[in-house]
Colleague: 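Below are the structure tokens for one structure; questions will follow.
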Number of protein chains: 2
Amino acid sequence: MSKKVLVVDDEPSIVTLLQYNLEQAGFEVVTANDGEEGMQKAIREQPDLMILDLMLPKMDGMEVCKQLRQQKMMIPILMLTAKDDEFDKVLGLELGADDYMTKPFSPREVLARIKAILRRIQSSQPAHEEEERQTLRIGNLEILPDHYEVYFNGERLELTPKEFELLVYLAKHKGRVLTRDQLLSAVWNYDFAGDTRIVDVHISHLREKIEQNTKKPLYIKTIRGLGYKLEEPKGDD
Amino acid sequence: MSKKVLVVDDEPSIVTLLQYNLEQAGFEVVTANDGEEGMQKAIREQPDLMILDLMLPKMDGMEVCKQLRQQKMMIPILMLTAKDDEFDKVLGLELGADDYMTKPFSPREVLARIKAILRRIQSSQPAHEEEERQTLRIGNLEILPDHYEVYFNGERLELTPKEFELLVYLAKHKGRVLTRDQLLSAVWNYDFAGDTRIVDVHISHLREKIEQNTKKPLYIKTIRGLGYKLEEPKGDD
DNA sequence: CATCTTTTATCGAATATGGAGGAACATATG
DNA sequence: CATATGTTCCTCCATATTCGATAAAAGATG
């Protein structure tokens with residue numbers, strides 16, 4: 001889900017600055033130090049966006065931009081111009097850059113622009129339309145992932161985000177036993193297989209809300225030594 | 001039964017943006033990158049409406065417009081002007097454009113204009129528009145997108161443009177959780193490079209007006225870590 | 001008695017909000 | 001017609017507040 005950004009500049013300090021800030025903001029960053037390398041990486045790495053300095057060794061930014069466009073690479077480009085030169089700006093945009101920015105700039109500014117461009121392009125997956133309307137049903141539970149709502153016997157339950165995501169994940173894998181590690185990596189994004197009982201706590205919270213009256217849990221079963229699973233309640237319903 | 005729209009612009013990002021949003025709204029989209037291609041496609045594809053940039057390679061928008069009219073092509077045209085240039089606007093309209101719009105614009109704005117034009121053109125045909133013509137109702141809220149009016153318990157509310165647009169978008173996706181980015185990309189101009197948190201401010205202003213007396217918001221709910229959603233107020237009414 | 005559940009307290013992060021600055025627009029004035 | 005003046009609205013920022021995540025500890029269960 002994280003976007004890949006290619007930074008092309010010959011000034012190491014600029015590259016470092018951008019790389020650091022972009023990574024902080026959750027982007028994946030690839031760098032290049034001259035125009036030729038920039039071209040190659042633009043093609044090979046297929047980044048979601050490119051930050052391109054105008055003045056570059058071997059091949060300047062304008063040329064890179066032009067050649068990429070000729071090759072029908074429609075990757076969004078944020079052009080960096082060293083001075084406030086109207087002429088260059090206009091030229092850059094005509095060559096197909098999506099935005100420009102004059103040095104010096106603040107990290108905040110760069111991030112804002114990048115987000116604006118990505119937003120504008122909207123390359124974010126418009127394909128998910130079928131998944132949108134779905135309703136997950138388990139017993140008397142009704143889960144609407146889009147609406148962030150859960151109903152139990154038609155009554156709305158108030159769940160915290162973690163509880164909600166945990167439940168959705170369990171529901172999407174109804175009947176299957178899921179280990180704590182699986183749940184951790186799916187809901188928490190923890191990569192390690194550490195020993196943590198956080199899952200237990202949230203399972204407990206969930207049960208509090210969806211197992212209203214019962215003594216033994218009907219929905220979320222504990223599989224001792226393994227993990228948990230959500231299943232269709234036995235008996236009548 | 002979907003309408004066909006021809007988008008003529010030389011800026012790839014604008015074309016992409018419009019195409020995406022129009023397709024989302026159920027239009028069929030054809031694109032062209034310069035004036036000549038635009039002319040050809042206007043004739044060959046017989047679109048129901050044309051979005052035409054003023055500044056174009058090979059043949060500018062004004063010229064395209066003029067030639068089409070001379071050929072008795074009465075296709076509705078929505079003109080895009082890069083800068084706020086009164087002269088161009090007037091000229092464009094005199095040449096037979098049906099409406100104009102200055103860049104930058106917000107996606108919602110374009111859609112509204114397009115629908116307005118189409119409605120105006122074929123006011124004879126009773127359309128089955130589910131979207132624009134109806135009034136949106138949520139609880140005691142009544143929203144008339146066309147009239148730019150909102151009523152709460154029958155009383156007219158004074159909303160600023162941003163507040164209004166935001167509310168309409170929320171209302172059209174009633175119940176759905178919308179992230180700040182989604183709201184930004186729908187309601188704000190495509191080149192807005194500011195802070196995502198601006199959404200919070202306008203939400204706050206909206207709540208001030210539509211959540212009159214209540215402690216907890218009834219209409220606009222905050223989904224922590226995600227965004228906001230507008231929903232039917234709980235309880236009865 | 002080991003495992004699972006519940007409770008409690010604390011910390012940190014996300015959100016709400018008031019106010020300042022400034023741009024855009026409208027109206028008044030020369 | 002161009003320049004003032006005023007107003008509205010948008011955006012940003014700083015501060016206050018709310019709320020959830022988590023660790024630790026106490027309690028329950030088989």
Side-chain angles (χ1 to χ4, degrees), chain A residues 24-26 106-109 111-113 115-116 148 157-167 177 179-180 183-184 187-190 192 194-212 214-229, chain B residues 83-86 89 102-106 108-109 148 157-167 177-181 183-184 187-189 191-211 214-229:
Chain A
Q24 282 297 310
S106 74
R108 239 193 53 73
E109 209 178 337
L111 282 179
R113 300 254 185 171
K115 285 181 187 165
Y148 224 77
L157 297 182
E158 297 291 343
L159 302 187
T160 70
K162 273 279 180 304
E163 288 161 11
F164 183 81
E165 281 176 25
L166 187 57
L167 180 59
V177 182
T179 66
R180 291 182 177 74
L183 293 170
L184 273 178
V187 177
W188 276 263
N189 287 356
Y190 285 3
F192 64 88
D195 182 33
T196 170
R197 296 278 126 178
I198 301 170
V199 178
D200 304 31
V201 174
H202 289 274
I203 288 284
S204 151
H205 290 154
L206 265 179
R207 293 219 254 235
E208 208 168 88
K209 292 175 180 173
I210 71 179
E211 308 278 7
Q212 311 270 28
T214 50
K215 208 68 196 170
K216 296 284 165 188
L218 279 176
Y219 291 89
I220 304 179
K221 299 292 174 71
T222 302
I223 312 300
R224 213 191 159 99
L226 274 181
Y228 300 94
K229 75 169 171 177
Chain B
K83 39 190 169 208
D84 201 287
D85 191 330
E86 282 301 327
K89 283 179 191 173
T102 54
K103 299 183 187 177
F105 46 78
S106 74
R108 251 201 52 73
E109 209 178 334
Y148 227 79
L157 293 183
E158 296 292 341
L159 301 187
T160 71
K162 273 278 177 308
E163 287 161 10
F164 182 81
E165 295 278 321
L166 189 56
L167 180 60
V177 181
L178 299 166
T179 65
R180 292 181 177 74
D181 276 330
L183 293 170
L184 273 182
V187 173
W188 269 257
N189 288 340
D191 69 342
F192 177 77
D195 197 341
T196 324
R197 291 283 160 197
I198 191 61
V199 176
D200 302 29
V201 175
H202 290 280
I203 289 283
S204 166
H205 291 156
L206 262 180
R207 294 217 255 231
E208 221 164 78
K209 293 176 180 174
I210 70 178
E211 308 277 6
T214 50
K215 205 70 197 168
K216 295 283 166 191
L218 280 176
Y219 291 89
I220 304 178
K221 298 295 173 70
T222 302
I223 311 301
R224 183 177 251 250
L226 276 181
Y228 299 95
K229 72 170 173 175

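Quick note on labels: first sequence line is chain A, next is B, and so on, each numbered from 1.
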Colleague: Does OP1 or OP2 of C:dA16 have a side-chain N or O of B:S204 closer than 4.0 Å?
Modeller: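 No, B:S204 has no side-chain N/O under 4.0 Å of OP1/OP2 on C:dA16.
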Colleague: Angle between ring planes, B:F192 versus B:W188, binned at 30° and 60°: parallel, tilted or perpendicular?
Modeller: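 Taking B:W188 first and then B:F192, their aromatic rings sit tilted (interplane angle of 30° to 60°).
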Colleague: Measure from the side chain of A:P161, starting at C-beta and using heavy atoms only, and say which of D:dA21, D:dT11, C:dC4 lies closest.
Modeller: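 Nearest nucleotide to the side chain: D:dA21.
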Colleague: Run the side chain to side chain contact (heavy atoms under 4.5 Å, CB included) check on B:L184 and B:I198 step by step: do they pass?
Modeller: CA-CA 9 Å; B:L184 273 182; B:I198 191 61; 4.0 Å; yes
Colleague: Can you check the A:D200 CG to D:dA25 P distance for me, whole Å?
Modeller: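 Distance, rounded to whole Å: 17 Å.
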Colleague: Below 4.0 angstrom from OP1 or OP2 of C:dA16, is there any side-chain N or O of B:K216?
Modeller: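 Checking C:dA16 against B:K216, no side-chain N or O comes under 4.0 Å of OP1 or OP2.
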Colleague: How many angstroms lie between CD in A:E163 and CD in A:E158, if you round to the nearest 0.5 Å?
Modeller: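 Between atom CD of A:E163 and atom CD of A:E158 there are 10.5 Å.
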Colleague: Looking at C:dA16, I'd like to know if its phosphate oxygens (OP1 or OP2) sit under 4.0 Å from a side-chain N or O belonging to B:Y228.
Modeller: yes
Colleague: Do B:L206 and B:L159 make a side-chain contact, defined as non-hydrogen atoms from C-beta onward lying under 4.5 Å apart?
Modeller: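 They are in side-chain contact.
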Colleague: Just to confirm, is there a sub-4.0 Å distance from OP1 or OP2 of D:dC10 to any side-chain nitrogen or oxygen of B:W188?
Modeller: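 For B:W188, the contact criterion (side-chain N or O under 4.0 Å from OP1 or OP2 of D:dC10) is not met.
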Colleague: By the 4.0 Å heavy-atom rule, please label B:I198 as base, sugar-phosphate, or nothing.
Modeller: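 Answer is base: heavy atoms of B:I198 come under 4.0 Å of a base.
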Colleague: Which of the following nucleotides, C:dA16, D:dT18, D:dT22, is nearest to the side chain of A:K162?
Modeller: D:dT22
Colleague: Quickly work out the A:Y148 OH to D:dG20 P distance and round it to whole Å.
Modeller: 10 Å
Colleague: For B:L159 and B:D195, find the nucleotide of DNA chain D closest to each by heavy atoms; which residue's nucleotide sits nearer the 5' end?
Modeller: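 Per heavy-atom nearest nucleotide, the more 5' residue is B:L159.
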Colleague: Rounded off to whole Å, could you give me the NE2-to-C1' distance for the A:H205 and C:dT6 pair?
Modeller: 8 Å
Colleague: Would you say that B:E109 contacts B:N189 through its side chain, given a criterion of any heavy-atom pair below 4.5 Å between the two side chains?
Modeller: yes
Colleague: Under 4.0 Å between any heavy atoms, over every strand shown, what does B:F192 touch: base, sugar-phosphate, or nothing? Just pick one.
Modeller: sugar-phosphate
Colleague: Once you round it to whole Å, what is the distance between C1' of D:dC10 and CG of B:L183?
Modeller: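 B:L183 atom CG is separated from D:dC10 atom C1' by 16 Å.
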Colleague: Counting side-chain heavy atoms from C-beta on, which of C:dT6, C:dT3, D:dT11 comes nearest to A:R224?
Modeller: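 Nearest to the side chain of A:R224 among the choices is C:dT3.
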Colleague: Check the phosphate of D:dC10 against B:T160, side-chain N and O only, distance under 4.0 Å to OP1 or OP2. Yes or no?
Modeller: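 Yes, because at least one side-chain N or O of B:T160 sits under 4.0 Å from OP1 or OP2 of D:dC10.
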Colleague: For A:L226 and for B:L226, locate the closest nucleotide of DNA chain C by heavy-atom distance; then report the residue assigned to the nucleotide nearer the 5' terminus.
Modeller: A:L226
Colleague: Is A:R197 close enough to C:dT3 that one of its side-chain N or O atoms is under 4.0 Å from OP1 or OP2 there?
Modeller: no
Colleague: Rounded off to whole Å, could you give me the CG-to-P distance for the A:L206 and D:dA21 pair?
Modeller: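 Whole-Å distance recorded here is 11 Å.
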Colleague: Any idea which of D:dC10, D:dT22, C:dC4 is nearest the B:H202 side chain?
Modeller: D:dC10
Colleague: Just how far, in rounded Å, is P of C:dT7 from CD1 of A:I203?
Modeller: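 Computing the A:I203:CD1 to C:dT7:P distance gives 17 Å.
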